[in-house]
Colleague: 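One structure is given below, represented as structure tokens, and several questions about it will come after.
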Amino acid sequence: MAVDLTTRIGSLTLKNPVLTASGTFGYGEEFSDFIDLDRLGGFIIKGTTLHAREGNPYPRMAETPSGMLNAVGLQNKGIDYMIEHIYPRIKSAGSEIIVNVSGASPEDYAEVCRRIAERTDIKAVEINISCPNVKQGGMAFGTTTSGAAAVTRAVRAAFPGVVIVKLSPNVTDITEIARAAEAEGADAVSLINTLMGMAVDVERQRPCLSTVTGGLSGPAVRPVAVRMVWQTAKAVKIPVIGLGGIMDGRDALEFILAGASAVEIGTANFIDPQTTVKVIDYISDYCQRHGVDNVSDLVGVI
Amino acid sequence: MVKKTITDFTIKSSTRLSETYALLKLTPADGSEVTPAMPGQFVQVAVPDAPHTFLRRPISVNFIDRSDNTLWLLVRNAGEGTSRLCSLKAGEHLNIILPLGNGFSIPEAEGDFRRLLLVGGGVGVAPLLFLGQALAESGREPEFLLGARSRADLLELDEFERFGKVHLSTDDGSAGVHGVVTQHPVMHDPGISRIYCCGPAPMMKAVAAIAREREVECEVSLENMMACGLGACLCCVENTVRGNVCVCTEGPVFNIKQLTWQ
């Protein structure tokens, strides 16, 4: 019997629970030589802001044990460029496109979402209140309940589709931030964004990154992410999307069993561009092996 | 554009060229043809059994030999990942994504570019062998200017000599001109109409400065640190006249007019 991988996030129905994490999958087309994009549950495109951003100076990346630090700083050409030049190329993809949105103020976030609603058929946005690599906005909103609430409220008023709020792990209690987003009408939360970290080039006696600190991703962060997903799934009624160091199907199931309705594949895309489809196949095989008809039956069994 | 592939290769031979360099010759494990690549393009190699090497390693295409269907990679031992690559033996396997990046431009117009100088330093000589072959096959006369610390670090000289005249410089004077490549007279030869350069950043900047001053076309190949190699992560950016661009997709080869090196 075929396993039902259908996953619901608010009013959005995904063909399977596997998404790509923003900033690790470009606009999807970078991976079209390696995978059939139609197979994905959806892909979350690069963090987009109201105006173009050049990002941070090089070096922006440092390899670390079982992971990497990045300090890209939301380099992107702005929402209008995305809508006019990139969206027409990718809109025929057979999986859901979700735009990751960032801003320096709640009004910025709302305006980007308004333009997406008015000028595209995109049904969902992921609100990034957790980028550790920008001076203004970003993580500042994701580390207080009032900041998370203010951004979610502004976006909720501007965007009729599905609003996913992406949470920062750089907090004492992630569940209270999740509850603040839920209370303001978020349809789902995704977690975790990168953990703030730092690496030093000891020979040159300088930080490895131009920005000194950056965001840690990769399997190094996975146990932290699984724990936070488990805590958050118990604290909110809306779906939780889990991410953080998923390298294969087994890792994805850790998140699903801990309470994630869907997962995002991030850094693994850099190492094996076919990770997403391998994870989908693994989840399907796993369900068959365990006599599970519907993947949603596995969500949060722990 | 050639479709990128993820291919398992078998190592046909691994030759230690010096203490720090190895030349790997690889052929697809399934017997298929090596995916075509252009000179200047690179590959992303997954390093097996290296627990501290999380990301793939970007390595230039040194050569593709159609006669025996091999991809050549010249590897400098610069850390755990590349040390592991240098120690691999014939018969072992490597998973490689290729081809990546843009490649050098081959001049089209007959006669416009008669003498072309290919300047390489250290492991930066790697892509110039493949480029030299392409230029020679298109009827150009490539000349190579290869720089190294000493004679023992000059790599693949017999291979370069197949495609053009080879000029040398060494820091210690053990071969060719005593000094760095920019001190070699051929760098200042007015007959040179175009320069291709790959090597350490200070060397490329010095070569670019001469090319700019003499108004000679010049392309350089950058080796900014990369994660994905596919234009997705935006980590390897170089600041250019068009702002920050990915070296992995818009490079690694840049005309120096695109760069903000002045």
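Proteins get letters first, then strands, A, B, ... in listed order; numbering begins at 1 in each. All figures in this text were calculated on a predicted structure; none of them were measured in a lab.
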Colleague: What part of B/Ala46 is in contact with chain A, defined as an atom under 4.5 angstrom from a non-hydrogen atom: side chain, backbone, both or neither?
Modeller: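 Neither; nothing under 4.5 Å.
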
Colleague: Which is it for A/Ser66 and B/His52 under the side chain to side chain contact (heavy atoms under 4.5 Å, CB included) test, yes or no, and what are the steps along the way?
Modeller: CA-CA 7 Å; A/Ser66 295; B/His52 302 293; over 6 Å; no

Colleague: Of all the heavy-atom pairs spanning B/Arg57 and A/Glu63, show the shortest one and how long it is.
Modeller: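 The answer is NH2-OE1, 2.6 Å.
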
Colleague: Using a cut-off of under 4.5 Å for heavy-atom pairs, which of A/Glu54, A/Glu30, A/Gln274 has the most such pairs with chain B?
Modeller: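 Max contact count across the listed options: A/Glu54.
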
Colleague: Might you point out which heavy atoms bring B/Leu234 and A/Lys46 nearest each other, and give the distance in Å?
Modeller: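 The pair with the smallest heavy-atom distance is CD1-CE, 3.6 Å.
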
Colleague: If every non-hydrogen atom of A/Gln75 is compared with every non-hydrogen atom of B/Asn244, which pair is closest and at what distance?
Modeller: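 That would be NE2-O, 3.1 Å.
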
Colleague: First locate atom CE of B/Met225, then atom CZ of A/Arg60, and finally report the distance between them rounded to the nearest 0.5 Å.
Modeller: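 Atom-to-atom, B/Met225:CE and A/Arg60:CZ are 11.5 Å apart.
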
Colleague: Check B/Cys235 against A/Met68 and note the closest heavy-atom contact, atom names and distance.
Modeller: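 In this case the closest contact between B/Cys235 and A/Met68 is SG-CE, 4.0 Å.
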
Colleague: Check this for me: A/Arg206, atom CZ, are more than 12 non-hydrogen atoms of other residues, nucleotides or ligands nearer than 6.0 Å?
Modeller: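 Counting other residues, nucleotides and ligands, CZ of A/Arg206 stays at 12 neighbours or fewer.
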
Colleague: Distance check, rounded to the nearest 0.5 Å: B/Leu222 atom CG versus A/Tyr58 atom OH?
Modeller: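 Those atoms lie 9.0 Å apart.
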
Colleague: Step by step, would you call A/Phe34 with B/Thr5 a side chain to side chain contact (heavy atoms under 4.5 Å, CB included)?
Modeller: CA-CA 7 Å; A/Phe34 307 112; B/Thr5 61; 5.9 Å; no

Colleague: Which region of B/Asn224, side chain (C-beta onward) or backbone (N, CA, C, O), has a non-hydrogen atom less than 4.5 Å from a non-hydrogen atom of chain A, or is it both or neither?
Modeller: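 Backbone plus side chain of B/Asn224, per the 4.5 Å heavy-atom cut-off to chain A.
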
Colleague: For A/Asp33 and B/Lys4, which heavy atoms make the closest approach, and how far apart are they?
Modeller: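 Looking at all heavy atoms of both residues, the shortest contact is OD2-N, 2.8 Å.
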
Colleague: Atom SG of B/Cys233 and atom CE of A/Met61: how far apart are they, to the nearest 0.5 Å?
Modeller: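 Those atoms lie 6.5 Å apart.
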
Colleague: Let me see the working for A/Thr64 and B/Phe54 under side chain to side chain contact (heavy atoms under 4.5 Å, CB included), right down to the final yes or no.
Modeller: CA-CA 8 Å; A/Thr64 57; B/Phe54 178 62; over 6 Å; no

Colleague: Which atoms form the tightest heavy-atom contact between B/Leu230 and A/Phe31, and what is the distance?
Modeller: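 Of all heavy-atom pairs spanning B/Leu230 and A/Phe31, the closest is CD1-CE2, 3.7 Å.
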
